[in-house]
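Report on the structure given below.
As the structure is a computational prediction, the values presented were derived from the model and not from experiment.
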Amino acid sequence: MSENNPSQLTPLDRVLSPPLNLHPPNTPSTLYPSALTYFTSIPWCANLLLSETSPHGIGPAIPFIPQCFNPMSPQHDQFVGATLANPRGLRHVLSFFRPDDETHLRDPARPITRVDTLFAVGEGLSGYHNIIHGGMTMTMVDEAMGTVNEINTALGKDGLVHKLSSVTASLEIKFLRPVPVPGVVWITSWTESIDGRKTRMRCEVKDGEGAVLAKCASTWVALKANL
């Protein structure tokens with residue numbers, strides 16, 4: 001996406017999370033509950049979302065619907081939130097994170113650095129039989145890594161990259177194993193470093209047993225406010 005068209009960017013207030021009291025306008029009433037019901041009906045997903053124990057934070061996960069799956073209008077986020085959002089494509093998307101401790105959420109100086117995202121993928125996203133198209137994997141990792149800055153923006157965290165819209169400047173992916181469809185794809189994304197307007201991100205694409213199917217590294221650039 002060009003830095004010269006900031007007016008075309010998705011607004012920064014589309015993250016949907018009832019647990020965080022984030023309710024963007026014009027959000028379908030069934031979007032969050034249907035995703036939560038779907039993923040908690042799958043035992044390994046339910047374990048990720050509901051377990052009180054985790055090496056990456058405390059308590060049960062705090063879920064949210066990322067911006068890409070909650071378009072503001074027919075002019076925003078149509079590729080993921082409309083074109084791909086159908087029973088044979090992306091059925092549901094749900095991200096979640098765990099705070100490091102009881103004060104993490106309330107401290108603006110401490111951003112969330114790690115977010116997991118679950119994608120329910122249908123048969124229509126295959127390349128080879130029962131294997132997801134590689135371009136779709138790249139789409140999912142791009143959107144999953146974007147959720148990290150998104151949730152920090154929604155929480156009002158300090159830092160330039162959390163106050164402005166960011167776009168993908170580079171993305172490098174290594175495909176390690178086939179990603180099966182239909183099913184659920186689990187992507188863990190984390191911030192590697194922040195330098196001015198640049199955020200360096202990494203992620204892993206996994207199956208329900210935690211086997212790593214792909215790895216990705218990317219650089220995001222926050223757009224200057226005066227562009």
task: Tell me, with the steps shown, if L223 and S166 meet side-chain contact (heavy atoms from CB on, under 4.5 Å).
output: CA-CA 6 Å; L223 302 182; S166 290; over 6 Å; no

message: Pair L48, F39 - check side-chain contact (heavy atoms from CB on, under 4.5 Å), show working.
response: CA-CA 10 Å; L48 290 175; F39 288 116; over 6 Å; no

task: Go through F96 and L36 one step at a time and tell me if the side-chain contact (heavy atoms from CB on, under 4.5 Å) criterion holds.
output: CA-CA 11 Å; F96 61 94; L36 192 62; over 6 Å; no

field: Full working for side-chain contact (heavy atoms from CB on, under 4.5 Å) between M201 and W220
entry: CA-CA 8 Å; M201 308 290 303; W220 293 63; 3.6 Å; yes

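By the 4.5 Å heavy-atom criterion applied to side chains, L94 and L49 are counted as neighbours. Counting heavy atoms from C-beta outward, T219 and T199 have side chains that stay 4.5 Å or more apart. Within the 4.5 Å cutoff, the side chain of M72 has no heavy atoms near those of the D77 side chain. Annotation: side chain of L50 is not in contact with side chain of P60 (no heavy-atom distance under 4.5 Å). Taking the side chain as every heavy atom from C-beta outward, I151 and L155 approach each other to under 4.5 Å. Taking the side chain as every heavy atom from C-beta outward, I131 and V179 never approach each other to under 4.5 Å. Side-chain contact between L213 and K206 is absent, with no heavy-atom pair separated by less than 4.5 Å.
With sequence neighbours excluded, the residues that form a ring-ring contact (aromatic ring centres under 6.0 Å, His included) with Y38 are H92. Applying the side chain to side chain contact (heavy atoms under 4.5 Å, CB included) rule to P18 yields the partners L16, H23, Y32; only residues at least two apart in sequence or on another chain are considered. Among residues two or more places apart in sequence or in another chain, the salt bridge (Lys or Arg N to Asp or Glu O under 4.0 Å) test is passed with R200 by none.
Residues H104 and K157 share a closest heavy-atom pair of O-NZ, 2.7 Å. Contact between P63 and S17 at its shortest, heavy atoms only, is O-OG, 2.8 Å. Scanning both residues, P71 and R14, for their nearest heavy atoms gives O-NH2, 3.3 Å. Nearest heavy-atom pair across V15 and E150 is CG2-OE1, 3.9 Å. The two residues G134 and F175 come nearest to each other via the heavy atoms O-CZ, 3.8 Å. For G122 against V181, the heavy-atom pair with the smallest separation is O-CB, 3.9 Å.
Linking Ile, Leu, Val, Met, Phe, Trp and Tyr whenever their side-chain heavy atoms come within less than 4.5 Å puts L31 and F79 in one cluster. Grouping the Ile, Leu, Val, Met, Phe, Trp and Tyr side chains by contacts below 4.5 angstrom, directly or via other members, places W44 with M140. One hydrophobic cluster, built from ILVMFWY side chains closer than 4.5 Å, cannot hold both W190 and I194; they sit in different ones. Residues F97 and V161 do not share a hydrophobic cluster, defined by chaining ILVMFWY side chains whose heavy atoms lie under 4.5 Å apart.
Looking at N149, its side chain never comes within 3.5 Å of a backbone N or O of H162 through a donor-acceptor pair. A donor-acceptor contact shorter than 3.5 Å links the side chain of T27 to the backbone of P24. In this structure a side-chain-to-backbone donor-acceptor pair under 3.5 Å is present from N152 to V148. At least one donor-acceptor pair closer than 3.5 Å links the side chain of S73 to the backbone N or O of Q75. Listed for the D207 side chain is a donor-acceptor partner under 3.5 Å among the backbone atoms of G210. Proximity of a side-chain donor or acceptor of S189 to a complementary backbone N or O of C203 within less than 3.5 Å is not detected.
Screening residues 125-139 for side-chain hydrogen bond (donor to acceptor under 3.5 Å, both in side chains) gives no qualifying pairs among residues at least two apart or on separate chains. Counting only residues at least two apart or on different chains, the salt bridge (charged side-chain N to carboxylate O under 4.0 Å, His left out) pairs with a member in residues 119-136 are R91-E123.
Considering V121, V93, L125 in turn, L125 is the only one that fulfils the side-chain contact (heavy atoms from CB on, under 4.5 Å) rule with L84.
A distance of 3.5 Å separates CG in L171 from SG in C216, rounded to the nearest 0.5 Å.
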May I have the list of side-chain donor-acceptor pairs in residues 108-120 shorter than 3.5 Å, sequence neighbours left out?
residue: R110; atom: NH1; partner: D101; partner atom: OD1; Å: 3.1
residue: R110; atom: NH1; partner: D101; partner atom: OD2; Å: 3.4
residue: R110; atom: NH1; partner: T103; partner atom: OG1; Å: 3.1
residue: R110; atom: NH2; partner: D101; partner atom: OD2; Å: 2.8
residue: R114; atom: NH2; partner: H56; partner atom: NE2; Å: 3.2
residue: D116; atom: OD1; partner: W186; partner atom: NE1; Å: 2.9
residue: D116; atom: OD1; partner: T188; partner atom: OG1; Å: 2.5
residue: T117; atom: OG1; partner: S95; partner atom: OG; Å: 2.8

